[in-house]
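Each chain gets a letter, A, B and so on, in the order its sequence line appears, and its residues count up from 1. Any value given below was found using the heavy atoms of this structure, including those in side chains, with hydrogens, waters and symmetry copies removed.
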Amino acid sequence: MAIQLYDTLAGRKRTFEPLEAGKVRLYVCGPTVYDYAHLGHARCYVVWDVVLRHLRARGYEVKYVRNFTDVDDKIIRRANERGEDPAALAARFADAFDEDMDALRCLRPDVAPRVTGHLPEIVALIERLVANGFAYAPGNGDVYFAVRKFPEYTRLSKRNLDDLVAGARVEPGEAKHDPLDFALWKAAKAGEPRWPSPWGEGRPGWHIECSAMTLAHLGAPIDIHAGGKDLVFPHHTNEIAQSVAAQGGGLEAERYARHWMHNGFVQIDDQKMSKSLGNFFTVREVLKKADGEALRFFLLGTHYRNDFNFSDTVLGEAEKRLVYLYETLEKADRVGAGAALGPATGLVEQVRAALDDDFNTAAVLGIVSEAFTAANALADRKGKRSPEEKGKLARFAAEAREVGAALGILQRPAGEALPSIRDRAAGRRGIDPAAVEARLAARAEARKAKDFARSDALRDELAAMGVAIMDGPAGTTWKVE
RNA sequence: GGCACCGUCGCCAAGUGGUAAGGCCCGGGUCUGCAAAAUCCGUAUUCGGCGGUUCGAAUCCGCCCGGUGCCUCCA
């Protein structure tokens, strides 16, 4: 079955049709690196990572480009505040971004271009726009795009020009012919990074860099262009206008990107997360409290187009659920070890079908539940398992990992993931694992001697610390409540 | 004000014409030295409200109520 996706340009769900059969050119708007990645970035790039993984799982050869915007007002301002070189600051936060995305199990893009590496392409693109009559240089060192010359300007955002005029702004010093026009090139101001251009020294405007890097690394039209829903206007709107206009020929938006996808926001207490509201969380802050894979799992619990509310409670639930999934996997691995794989159950294909339908990760989590429950029941059952039953468990483990691969979870050995998640939870609660182990050892002695009073007292002590214990055939394990 | 989106069980969350997935919580059972974990059973005649279309609607249309976002930097 073909992949269906919600295309912002079409305003509805439609069948995904790449330009070239079997190949996908995917561009995702990357971060402006002036600070650490926040939860909104986490959600956004985890979502597109799932899209990438699923397209590849469906056999597409995907070239994934995600840029770093490393020339920008905010970077310059931040660097000036700190007395740091803007390029150095941007490079530092780009590295930090990669680390955070790695922690979230996001695959690295095939190409991660930076604005500073594409000035010639940007200048050439602007020159083409001027030559084509879509851009003008009023002589103050700026170059602007003439919005009204581009007929499909409002198609992506579905607004009308008059409304946009009402919100349009002209900064002092700008020389726009029309308030709707936007800057392609900005004349250098004192103390700002600058590059040479036919219009004098300056730097690229906000939107042109993505067009230039997309065209440079993927060509046009690309198959999917994606980003946060806040980018629909003006960023993606302007990208379409300039990228289509620069090519010459027809002026249909599809000449730049065939499909546009946008993810919903992360909210805190039902409100947009923003620095001004003081409800802003960086990925690193959250990763101090929670496992990266747990955060990823949490982010996949809501369909990518919906906004979702971040809360410690729900994040905690997600972490518990992830632990359950790994524990089940561990049991299935252990009990099914060495068995010949049982027959395939169709689980993987069911999951792929759900992902085919506009990447419905939330539905996937529902689909998978029953298989985990059944595996647990079988693995925990008393008595011996038949070879067929062991084969079933082995098959389950294999399928669960395949489903996990589609979502970017469950790829660690359970024996590695569980202690890692547990120890981070312990750290969060101020629990010393060594102290827990000592009590467990003492309790094992007591139980051996049938001294259940002492055994229970030790368990109570652990419970008071926030530690729950599980007696099993392979000894006693523990987890943080 | 304009444009868009959303409102499904106490909480989280799928479902866009065929008669309400899943997770958490909660109650009961099995297992257990007792527990925990695991598992089983139960838990929305109902999808913000009111109308309409239809043999049939949470799903389509209209109005109303409530919430959010974008229109300015933003994932």
Q: Which donor-acceptor pairs under 3.5 Å do the side chains of residues 294-304 of chain A make with protein atoms, sequence neighbours left out?
A:
from: A:Arg296; atom 1: NE; to: A:Leu407; atom 2: O; distance (Å): 2.8
from: A:Arg296; atom 1: NE; to: A:Gly408; atom 2: O; distance (Å): 3.2
from: A:Arg296; atom 1: NH1; to: A:Asp49; atom 2: OD2; distance (Å): 3.1
from: A:Arg296; atom 1: NH1; to: A:Leu104; atom 2: O; distance (Å): 2.9
from: A:Arg296; atom 1: NH1; to: A:Arg105; atom 2: O; distance (Å): 3.1
from: A:Arg296; atom 1: NH2; to: A:Asp49; atom 2: OD2; distance (Å): 2.6
from: A:Arg296; atom 1: NH2; to: A:Leu407; atom 2: O; distance (Å): 2.8
from: A:His303; atom 1: NE2; to: A:Asp358; atom 2: OD2; distance (Å): 3.4
from: A:Tyr304; atom 1: OH; to: A:Asp358; atom 2: OD1; distance (Å): 2.7

Q: When the nearest nucleotide of RNA chain B is assigned to A:Glu370 and to A:Met273 on a heavy-atom basis, which residue is associated with the more 5' position?
A: A:Glu370

Q: Could you tell me which non-hydrogen atom of A:Ala354 sits nearest to which non-hydrogen atom of A:Ala363, and how far apart they are?
A: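 Heavy-atom minimum between the residues: CB-CB, 4.5 Å.
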
Q: Who does B:C5 pair with, Watson-Crick or G-U, both distances under 3.5 Å?
A: B:G67

Q: Taking B:G18 as the reference, what is the distance to B:C64 when you measure between their P atoms (whole Å, please)?
A: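 The answer is 29 Å between these two P atoms.
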
Q: In whole angstrom, what separates A:Met470's CE from B:A36's P?
A: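 Answer to the nearest Å: 12 Å.
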
Q: Tell me if the aromatic rings of A:Phe372 and A:Phe396 count as close, with their centers under 6.0 Å from one another.
A: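 Distance test on ring centres: under 6.0 Å, yes.
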
Q: Side chain of A:Arg459, base of B:C34: donor and acceptor closer than 3.5 Å?
A: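 A donor-acceptor contact between them is present.
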
Q: Between atom CG in A:Leu418 and atom C1' in B:A38, what is the gap in whole Å?
A: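 To the nearest whole Å, that distance equals 15 Å.
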
Q: Is it the case that the side chains of A:Asp70 and A:Tyr34 hold a donor-acceptor pair, with the cut-off being a distance below 3.5 Å and no angle test?
A: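 Short answer, no.
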
Q: Less than 3.5 Å between a donor and an acceptor, one on the side chain of A:Asn160 and one on the base of B:C71, is that the case here?
A: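 Such a pair does not exist between side chain and base.
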
Q: Should we count NZ of A:Lys229 as having more than 12 external heavy atoms under 6.0 Å?
A: yes

Q: Tell me what A:Ser311 touches on the nucleic acid: a base, only sugar-phosphate, or nothing, going by heavy atoms under 4.0 Å.
A: nothing

Q: Side chain of A:Tyr45, heavy atoms from C-beta onward: which of B:C40, B:C73, B:A75 has the nearest atom to it?
A: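 So the nucleotide nearest the side chain must be B:A75.
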
Q: Listing time: all N or O pairs from protein to nucleotides 24-27 of chain B that are below 3.5 Å?
A:
from: B:C24; atom 1: O2'; to: A:Glu317; atom 2: OE2; distance (Å): 3.2
from: B:C25; atom 1: OP1; to: A:Lys320; atom 2: NZ; distance (Å): 3.3

Q: Among B:G15, B:U68, B:A75, find the nucleotide with the atom closest to the side chain of A:Asn360.
A: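 Closest nucleotide among those given: B:G15.
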
Q: Tell me: CZ of A:Arg155 to P of B:A4, nearest whole Å?
A: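 Atom-to-atom, A:Arg155 to B:A4, this comes out as 16 Å.
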
Q: When all nucleic acid strands are considered with a 4.0 Å heavy-atom cut-off, which category describes A:His303: base, sugar-phosphate, or nothing?
A: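 The answer is sugar-phosphate, as A:His303 gets under 4.0 Å only of primed atoms, P, OP1 or OP2.
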
Q: A:Asp471 CG to B:A37 P: how many Å, rounded?
A: 12 Å

Q: B:A38, B:A75, B:C31: which one has an atom nearest the side-chain heavy atoms of A:Asp230?
A: B:A75

Q: For B:A36 versus B:C31, give the span between their C1' atoms, rounded off to a whole number of Å.
A: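 Their C1' atoms lie roughly 12 Å apart.
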
Q: Check the distance between B:A4's C1' and A:Asn263's CG and give it to me in whole angstrom.
A: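 It works out to 15 Å between those atoms.
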
Q: Can you tell me the distance, in whole Å, between the NZ atom of A:Lys479 and the P atom of B:A38?
A: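 After rounding, the reported distance stands at 6 Å.
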
Q: Write down the distance separating the C1' atoms in B:U46 and B:A21, rounded off to the nearest Å.
A: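 Here B:U46 and B:A21 have their C1' atoms 15 Å from each other.
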
Q: Would you measure the distance from the C1' atom in B:G66 across to the matching atom in B:U8 and give it in whole Å?
A: 15 Å

Q: With P as the reference atom in both, quote the distance from B:G15 to B:G69 in angstrom, rounded to an integer.
A: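 It works out to 23 Å between them.
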
Q: Of the nucleotides B:G69, B:G33, B:A14, which has the atom closest to the A:Ala362 side chain?
A: B:A14

Q: From C-beta outward on A:Phe233, which listed nucleotide comes closest to its side chain: B:C71, B:U39, B:C34?
A: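 Nucleotide nearest to A:Phe233's side chain: B:C71.
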
Q: Could you give the distance separating B:G49 and B:G67 at their C1' atoms, to the nearest angstrom?
A: 15 Å

Q: Hey, do the aromatic rings of A:His262 and A:His236 have their centres closer than 6.0 Å?
A: yes

Q: Scan A:Lys450 against the nucleic acid and name what it touches under 4.0 Å (heavy atoms): base, sugar-phosphate only, or nothing.
A: nothing

Q: Indicate the atoms forming the closest heavy-atom contact of A:Ala253 with A:Ile240, along with that distance.
A: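 The pair with the smallest heavy-atom distance is CB-CG2, 3.7 Å.
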
Q: With rounding to the closest Å, how many angstrom separate the P atoms on B:G48 and B:C9?
A: 8 Å

Q: Can you tell me how far P of B:G22 sits from CD of A:Gln350, to the nearest Å?
A: 13 Å

Q: What's A:Gly228 touching, base or sugar-phosphate or nothing? Going by heavy atoms closer than 4.0 Å.
A: sugar-phosphate

Q: I need the CD-C1' distance between A:Gln267 and B:G69, as an integer number of Å.
A: 8 Å

Q: Using salt bridge (charged side-chain N to carboxylate O under 4.0 Å, His left out), reason through A:Asp72 and A:Arg203 one step at a time and then give a plain yes or no.
A: CA-CA 9 Å; A:Asp72 164 87; A:Arg203 62 191 170 94; over 6 Å; no

Q: Kindly say whether the aromatic ring centers of A:Phe97 and A:Tyr45 come within a distance under 6.0 Å.
A: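 Between A:Phe97 and A:Tyr45, the centre distance is under 6.0 Å.
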
Q: Looking across every strand, which nucleic acid part, if any, lies under 4.0 Å from A:Ile367 by heavy atom: base, sugar-phosphate, or nothing?
A: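 Nothing, no nucleic acid heavy atom in range.
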
Q: If you measure only the distance, is there a donor-acceptor pair under 3.5 Å linking the side chains of A:Tyr144 and A:Asp178?
A: no

Q: Tell me whether the side-chain N/O atoms of A:Asn376 come closer than 4.0 Å to OP1 or OP2 in B:U39.
A: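 Yes.
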
Q: In whole angstrom, give me the gap between the C1' atoms of B:C11 and B:A4.
A: 28 Å

Q: Do A:Asp456 and B:G33 share a donor-acceptor pair, side chain to base, under 3.5 Å?
A: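 Check passes, donor-acceptor contact within cut-off.
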
Q: Using the closest heavy atom to pick a nucleotide of RNA chain B for each, name whichever of A:Lys13 or A:Gly40 lands nearer the 5' end.
A: A:Lys13

